[in-house]
Amino acid sequence: MSVFDVLTLICGLALFLYGMNLMGDALKRSAGNKLKITLGKLTSTPLLGALLGLGVTAIIQSSAATTVMVMGFVNAGTMTLTQSVGVIIGANVGTAVTAWLTGLSGLNESGAAIADALKWLTPNAWMPLLAFAGILLWMFAKRDRQRDIGAIMLGFSILMVGMSTMSGAVGALKTSPEFQSILVVVNNPLFGVLAGTVLAAIVQSSSAGIGILQSMTVTGALSFTTALPLVIGINIGSSAPPLISSIGANRNAKRAAFVYLAFNVIGGTVFLGGYYALDALLDFSFADETVNMFGVALTHTVFKATAAIIMLPFSKALEKLSGLCVPDKKDDSPVSQLDDRLLNTPSVAVEQASYVTRQMAKLSAEAMQNAIGLLGHYDAKIADEIRRSEAEVDKMEDSLGTYLVKLSGHTMIDKDNREITKMLHLIGDFERISDHAVNVLESVEEARDKGIVFSAEATHEMAVLRYAVSEIISLAERCYEENDLALAAEVEPLEQVVDDLKDQIKLHHVLRLQKNECSIEPGFILSDLLTNFERVSDHCSNIAGCVIELGRYDELNMHQYLGEVKKGGDEFDRKFLKYQSKYAL
């Protein structure tokens, strides 16, 4: 094998990996929402999970990619570890489909009669047409879905060309003494497993490793007994991407990666031990026969299916084993659920970011409601909780902003783009509400430390304003969480009432000062509280307006919305009068 053959082999491997990556990315983009539904909801039993994992992996052509995706679901809390075990087992079986597809490259060498009968199945017959159709769609289609279909076709074509290139490059090994000496070493099952593990760990894919092994069959020097340990080792080595991906994930995501590794190690050990035991008893006639591409695909499939049948009844034991190897450690922050592994399936990542944003909204609203409550009765524990909430909300804003910017760089459907726009617009409002909660808390503490007490009239008026602000916060949070346009429409009339209340309370305070019924010092604290309440209501107005704009008009134009609102109208006036009567001083 010359230097040029080695370079050709490397080129073929590069084409194979690029084609697989191109096809897989396009499949994940086009099927992202379906993957979310199937993997996230239809995993009630290990068997159903295994079937779903098999189907998804057969589509995206990578068990490691499915497992990494599942780890993202588990890390995000969308899927439990129990649900993930069955999916991972099925994913390991589904990856065998690639070997059968790439095995088509060997049809030309199956004999003249078979080649003639199945000539339209050979890559040389239909691959150029597939590649040409793919490139036309990819270059000229206007819709993203059509471009993705073109990328799938083009990626598969490139993958097959890479396989053919690798097969041609290793053809010279048929007569190579060095290659024969390597095979003698690989004939030892332990060395075979080790060699396959290293190969798959390097190329980061069991499908790529099996493809390389299939390309080696053209030498005619590989037997079934030699290929089996390599196949098992390749599957063990394919655990590298999930294990690497688990770094920085939560406990359950790490356990999901361990389940993938344990399946291949335990399944491979049992299968290999059983094979050699049966061979010693039955003396398999095919053991030393030369294996071809389809023989490798068959060996791979039989191993995967047998391992799944053996391991599926013990899915609970696998889960417990992963728990022993990866002990519990509490993951408190919702921020840990913003998993970069989900970015390749944008619809899933958007949903998870939306979940974290809802948690942020809830935390901000609770902080503000707690701060309002302290005006009636101060509690040091609640004060500490408000400050912890504000710090957590700040962290969530930073993490969400970074995550959403990363996510916006991926191709996705219009609905998901609008959701990202909404979240990017609103996380600042939620963060500011929590800031105002701390501001209110500090005003309460200042009054408490200085012994300042409001007059009975001011106390009553602030109570009315507190109730109004409490309701507008509740409305804003609920309209965002439920995407309820009717609730959102209630916010702006109430915001106008809050503004009016602030102005009235300020005026009444000035009048009391003029009558010497109140001193100046309480006025400073009163002014700070009024400012914070008024600004909180403004942020609630922003939240509701954004929900209405994107829900009703599919675009964000707050100036247009607020302009229309301020023109009034019978419905707006009716709601305004209702709240004005409810919160009259």
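Throughout, residue positions are numbered sequentially from 1 according to the sequence presented.
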Partner set under side chain to side chain donor-acceptor pair (under 3.5 Å) for E431, not counting sequence neighbours: none
Salt-bridge present (R432, D429; N to O < 4.0 Å): no
Ring centroid separation F303 to Y275 under 6.0 Å: no
Side chain to side chain, Y260 and N264, heavy atoms closer than 4.5 Å: yes
From F284 atom CZ to D279 atom CG, the distance as rounded to the nearest 0.5 Å: 6.0 Å
Side chain to side chain, L312 and V85, heavy atoms closer than 4.5 Å: no
N/O donor-acceptor pair under 3.5 Å between T197 side chain and G233 backbone: yes
Point-to-point distance, once rounded to the nearest 0.5 Å, from CE of M360 to CD of E477: 12.5 Å
Rounded distance [0.5 Å steps], OG1 in T402 versus CG in D398: 6.5 Å
Any donor-acceptor pair under 3.5 Å from S322 side chain to E319 backbone: yes
Considering all heavy atoms, the nearest I88-A256 contact: CD1-O, 3.3 Å
Non-hydrogen side-chain atoms of L318 and I89 separated by less than 4.5 Å: yes
Worked check of side-chain contact (heavy atoms from CB on, under 4.5 Å) between D435 and D394: CA-CA 9 Å; D435 286 345; D394 283 351; 3.9 Å; yes
Minimum-distance pair of heavy atoms, taken over all atoms of E390 and S434: CG-O, 3.5 Å
Salt bridge present between E419 and K422 (N-O < 4.0 angstrom): yes
Separation of I543 CD1 from R478 CZ (nearest 0.5 Å): 14.0 Å
Heavy-atom check, side chain of S408 versus side chain of Y403, under 4.5 Å: no
Validation row: V350, M423 side chains within 4.5 angstrom (heavy atoms): yes
Closest non-hydrogen atom pair, P229 against P189: CB-O, 3.5 Å
Any donor-acceptor N/O pair, R147 side chain to L137 backbone, under 3.5 Å: no
Lys/Arg-Asp/Glu bridge criterion (N-O < 4.0 Å) met for R388, E385: yes
Distance (rounded to the nearest 0.5 Å) between D416 CG and R418 CZ: 9.0 Å
Expected output: side-chain R358 to main-chain E481 donor-acceptor under 3.5 Å: no
Close side-chain approach of M396 and L363, heavy atoms under 4.5 Å: yes
Distance-only donor-acceptor check, side chains T357 and S354, under 3.5 Å: no
Derivation and outcome, side-chain contact (heavy atoms from CB on, under 4.5 Å), residues I266 and F314: CA-CA 11 Å; I266 297 173; F314 299 99; over 6 Å; no
Residues in ring pair (Phe, Tyr, Trp, His ring centres under 6.0 Å) contact with F258, at least two apart in sequence or another chain: none
K304 vs N235 side-chain heavy atoms within contact, under 4.5 Å: yes
Shortest non-hydrogen separation from A361 to Y480 and the atoms involved: CB-CD2, 4.4 Å
Non-hydrogen side-chain atoms of T290 and F224 separated by less than 4.5 Å: no
From I158 atom CD1 to L154 atom CG, the distance as rounded to the nearest 0.5 Å: 4.0 Å
Those residues that, when tested against E482, pass side chain to side chain donor-acceptor pair (under 3.5 Å) (two or more places apart): none
Atom of F430, atom of V393 and distance for their closest heavy-atom approach: O-CG1, 4.1 Å
L272 versus V193, closest heavy-atom pair with distance: CD2-CG2, 3.9 Å
